[in-house]
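Quick notes on the structure that follows.
Both ligands and their constituent atoms are indexed starting at 1 by order of listing.
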Amino acid sequence: MSPSPRIKGWCPGAWRPMATGDGLLVRVRPPLGQLSREQTLALCDAAETFGSGLIELTSRANLQLRGVTDESWPLLMAFLVEHQLVSDDPDAERQPQLMLAPAWQVGDDTHTIASLLQARGSELATMPGKVGIAIDAGNAPVLGDSAADFRIERSTEGGLMVRPDGYAQGTAVNNTEAAVEQLIRLTHWFVNTGGWESGRMRRHTAPLPDWAPADTAPASHGEKLALGENREGMVVGLPFGRVAADTLREAVFPASGSQASISAVQVTPWRRLLLKDCDTLPAVDGLIRHNSDPRLSMDACPGAPFCEQASVATQPLAEKLSGWVEGTVHISGCSKGCARRAPADVCLVGQAGRFNVVVNGGADSTPIKTGFTESEALDVIKKLSESR
Ligand code: SF4
């Protein structure tokens, strides 16, 4: 096991940026998980003007800018507020994060619940900063692998239900209003029964109250959005969750104007963006366009020099390893393993400037080999792949 990384216990925001290895990290929560085309272009401008020009899509479907300085941050915030990418009220960021099932449509249950919850946001209990809510009310839940403490989902019976994280079943509710009411009530129960000490719902051991029986099963999981054509537009992938601002700008508003029909960009927790009302897959370098691209089964955190806890660069190694390993690959700058919670077939973990190799495990699992340079690690992986 590698030495423990520092656990910060809070999530950065826009009003509360986090100092990282390459400057301040500023996280933007797209309202209802969607940015208009104009907002997307504004975010690209912001990344280039006030940051390093990189935009990251996180596993909780947030967008973040890197390389912001103490001097550029106030200007960035004024710009983000002007373009309604960030609320002018810093307290708004203290409300739990809402993650919506991607490909929602105006008026469907996911959109209706999210809108109701936005309107009643002040009625939610004040909870620890990492607590999140998944609104996953399509025909089948798709956010089951994404971190959330409370979920509104579709049940096996086709109705709505509310499920606390850590429970396989939840409570059936009659309609969208009842779902929101139940959720608000659950957040107060969580806090009143020691939720601040637990930190997250899955670690919360207080028994559920009588009015929230865990007796209704969620419907079988649906598939995450495939790349390519979708009934709402086109889905593209971001290599390891990152995209250069000029690449995203070109996808949303190409110089030729040929895809000017794109109306909005919906974020997902799967390193994929849904370009709404787009009728042609953008032919732009720097995006993943095909479901067979091996980078889709690889996870790599930002690594050095972007994260101050990393002693190795992860992204260049990830690019070099692309296609070498059949199965899942995780490259982690340290044992915290931010990029992937589940075990991977092969995991390379940075420690003191070298790589440790884990097989069938996560970044904090015991490695089978330790202390490799990047080229040595590549050799080890090659031999491992050949012996399988
Ligand atoms: S896993 Fe990567 S991003 Fe997370 S703390 Fe470690 S080096 Fe940083």
Would a distance-only check, ignoring hydrogens and angles, find a side-chain to backbone donor-acceptor pair under 3.5 Å from Thr110 to Ala137? yes
Residues passing the side-chain hydrogen bond (donor to acceptor under 3.5 Å, both in side chains) test with Arg272, sequence neighbours excluded, are none
Atoms of ligand 1 under 4.0 Å from any heavy atom of Pro302, numbered from 1 in the order shown, are 3 (S)
Using 2.8 Å as a strict upper limit, say whether an N, O or S atom of Cys307 approaches atom 6 (Fe) of ligand 1 that closely. no
Using a strict 4.0 Å cut-off to heavy atoms of Ser332, name the atoms of ligand 1 that fall inside it. 1 (S)
Suppose I only count heavy atoms of Ala310 and a 4.0 Å limit; which atoms of ligand 1 are within that range? 7 (S)
Do the ring planes of His111 and Trp104 sit parallel (below 30°), tilted (30 to 60°) or perpendicular (above 60°)? parallel
Which option out of Gly303, Ser311, Cys334 puts a heavy atom nearest to atom 6 (Fe) of ligand 1? Cys334
CE (Met18) and CD (Gln64) are apart, to the nearest 0.5 Å, by 9.0 Å
By number and element, which atoms of ligand 1 are closer than 4.0 Å to a non-hydrogen atom of Gly333? 2 (Fe), 7 (S)
Regarding Cys338, does it place an N, O or S atom less than 2.8 Å from atom 2 (Fe) of ligand 1? no
For the pair Trp15 (side chain) and Ser87 (backbone), establish whether a donor and an acceptor sit closer than 3.5 Å, ignoring hydrogens and angles. yes
All salt bridge (charged side-chain N to carboxylate O under 4.0 Å, His left out) counterparts of Arg60, not counting sequence neighbours: none
